[in-house]
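Have a look at the structure below before the remarks.
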Protein chains: 2
Amino acid sequence: MDQKTEITADDTSQGRIRQENIERIMKAAEHVFAANGFRGATTAAIAKEAGLPKANIHYYFGTKAKLYRAVLDDILVLWLSSFREIGENDDPATTLADYIRAKMQLSQNRPNASKVFANELIRGAPRINSYLESELKDWVEEKAAILDHWIEEGRMAPVDSKRLIFHIWAMTQTWADFEVQWAAVLGRKKKLKAEDFDAATDFIVSMVLRTCGLQPIPPRS
Amino acid sequence: MDQKTEITADDTSQGRIRQENIERIMKAAEHVFAANGFRGATTAAIAKEAGLPKANIHYYFGTKAKLYRAVLDDILVLWLSSFREIGENDDPATTLADYIRAKMQLSQNRPNASKVFANELIRGAPRINSYLESELKDWVEEKAAILDHWIEEGRMAPVDSKRLIFHIWAMTQTWADFEVQWAAVLGRKKKLKAEDFDAATDFIVSMVLRTCGLQPIPPRS
DNA sequence: ATAGAACTTGACCGTTTGGTCAGGTTTTGT
DNA sequence: ACAAAACCTGACCAAACGGTCAAGTTCTAT
């Protein structure tokens, strides 16, 4: 009668079958939500991609909205955990480069996560506004303060630290969200090659470090 | 019987009422498609926002798919026409700065156009792949050649010209597509202020010009 | 003035949607 | 071995969907 098993994404308490199926469903859901947005995605499409009857996904997640939330929560955890700890005593150049590389690998390895997040933002982020206004805002302010500290110590050139972070995000995320566009312009067949991601990573690192006066500008020919 | 009036977006041949209604519907459609994607958007929602009965929008556009195409075509024209002509004899610094400013104004003034385009790309661009592979690719290659020419002449530092263009797009579009995110992090109430766009524009211009060796890096304190 | 073209729209239709449920099978702890 | 818990799923439902249509109203050229 009462199906109050209270399913959460990280329910490790019991059930091998449960874990396997939840994983399978969420992977399929991430893909379908990425490709169609929340409203455009159908539970039938998710079920088909997961290779399960539709009723089965409702058994585990109840409603489409709850499944979406679970996918979204998974992504937010991934997002925040990807941000390596930055300390005031670290080297500015290597810290920035490492961070860009980490974000870029996320774009390459988890493009659907990035797309679901992008979809949510485009829609006005109705479900994650509190996350943006709290965790994310705090994270940015904390990291920006460290950059400002470095600037004050003369360890890098003065830049608008918050906006630097914003644009690093913009540049790294574009390679996941708009992959088809860059693939088409570069003459690739739908998918980018690994070397495209490498070249983009190097470019962004170079651009950011030059902006911060941490890498010399090559002389004009 | 046969309603073969062949409606195109730029049908100026006749009909004051026709033009007015088509404009109203397309504006509403752009908003609804931006907020929900093609699959997630409903003709009822578009009709409601346009202030017309649903049957009326079918009278003018036939199907949801045709309406979407019309909106998309409108955006592609806007996109390409926004790219000012660049000549080999222009000044690199002012040309790049002007271009960034133009793209940024599009983000500020037509965010829904940007969002519809972004949605289409995230989905894999099923309807505009030929545009990406032809017009857009050609445009990028043409402009990149001019940048390369400038580099060869020693008028700017060597950079990967195509990737520079890609990342300018990424940085300018993020202010339209992900406005809520930046508004939340900056502590604004949902919408960014005009000064936020101005500050972002200055930052991107500065970043690009520094990268190209066209603007001195401020000394460390 | 008037006839034909253009525009309007409530009511309707077949399909797809998210979600439910009863009755079954499998797994698990003892 | 066996009962309880967990899992499975075809069949079903009301609501929402894209689209149609016939009967009307308004506009426009002569």
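Here is the naming used below: chain letters follow the sequence lines, and residue numbers restart at 1 for every chain.
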inquiry  = A cation-pi test, strictly: NZ or CZ of B:R24 under 6.0 Å from the centre of the six-membered ring of B:Y60 and no more than 45 degrees from its axis. Yes or no?
reply    = no
task = Taking A:T174 for its side chain and A:A170 for its backbone only, find out whether a donor-acceptor pair lies under 3.5 Å.
result = no
ask   = Quick one: do B:E30 and B:R110 make a salt bridge, cutoff under 4.0 Å?
value = yes
query = Nearest nucleotide by nearest heavy atom, which residue falls closer to the 5' end of DNA chain D, A:I57 or B:A44?
reply = A:I57
remark   = Here the distance between atom P of D:dT9 and atom CZ of A:F61, to the nearest Å, is 16 Å
ask   = Between A:T43 and C:dG18, is there a side-chain N or O to OP1/OP2 distance below 4.0 Å?
value = yes
note = B:L52 CG to C:dG10 P, in whole Å, measures 11 Å
ask   = To the nearest Å, how far apart are A:L67 CG and C:dG18 P?
value = 11 Å
N/O (side chain, B:Y60) to phosphate O (OP1/OP2, C:dT8) under 4.0 Å = yes
ask   = At under 4.0 Å between heavy atoms, what does B:A47 touch on the DNA or RNA strands: base, sugar-phosphate, or nothing?
value = nothing
key: Interatomic distance where CG belongs to B:N36 and C1' belongs to D:dA16 [whole Å]   = 14 Å
query = If you take atom types as modelled and just measure distance, does the side chain of A:K64 reach the base of C:dG19 with a donor-acceptor pair under 3.5 Å?
reply = no
ask   = Are any of B:Y59's side-chain N or O atoms less than 4.0 Å away from OP1 or OP2 of C:dT8?
value = no
ask   = Hey, which of these two, A:G40 or A:A55, hits DNA chain C nearer its 5' end, going by closest nucleotide?
value = A:G40
inquiry  = Quick check on D:dC27: is either OP1 or OP2 less than 4.0 Å from any side-chain nitrogen or oxygen of B:R16?
reply    = no
request  = Could you tell me whether B:A45 contacts a base, only the sugar-phosphate backbone, or nothing, with contacts defined as non-hydrogen atoms closer than 4.0 Å?
outcome  = nothing
key: Rounded distance (Å) that lies between atom C1' of C:dG10 and atom NZ of B:K48   = 18 Å
query = For B:H58 and D:dC21, what is the distance between atoms NE2 and C1' respectively, to the nearest whole Å?
reply = 13 Å
query = Does A:N56 make a side-chain N or O approach to OP1 or OP2 of D:dG10 shorter than 4.0 Å?
reply = no
query = Would you say the side chain of B:R69 lies within less than 4.5 Å of the side chain of B:I128, judging by non-hydrogen atoms?
reply = yes
inquiry  = Set out, in order, the CA-CA distance, both residues' side-chain angles and the distance that settles side chain to side chain donor-acceptor pair (under 3.5 Å) for A:E120 and A:Y131, then state yes or no.
reply    = CA-CA 12 Å; A:E120 182 65 15; A:Y131 158 80; over 6 Å; no
request  = Counting heavy atoms from C-beta on, name the nucleotide in C:dG19, C:dT9, D:dT20 closest to the side chain of B:P53.
outcome  = C:dT9
D:dC7 phosphate, OP1 or OP2, under 4.0 Å from A:R18 side-chain N/O = yes
inquiry  = Would you say that A:K191 contacts A:V180 through its side chain, given a criterion of any heavy-atom pair below 4.5 Å between the two side chains?
reply    = no
task = For B:E20 and D:dT26, give me the distance from atom CD to atom C1', rounded to whole Å.
result = 14 Å
ask   = In whole angstrom, what separates B:R39's CZ from C:dT15's C1'?
value = 13 Å
key: Candidates D:dC17, D:dC8, C:dT8 - which lies nearest the side chain of B:T42   = D:dC17
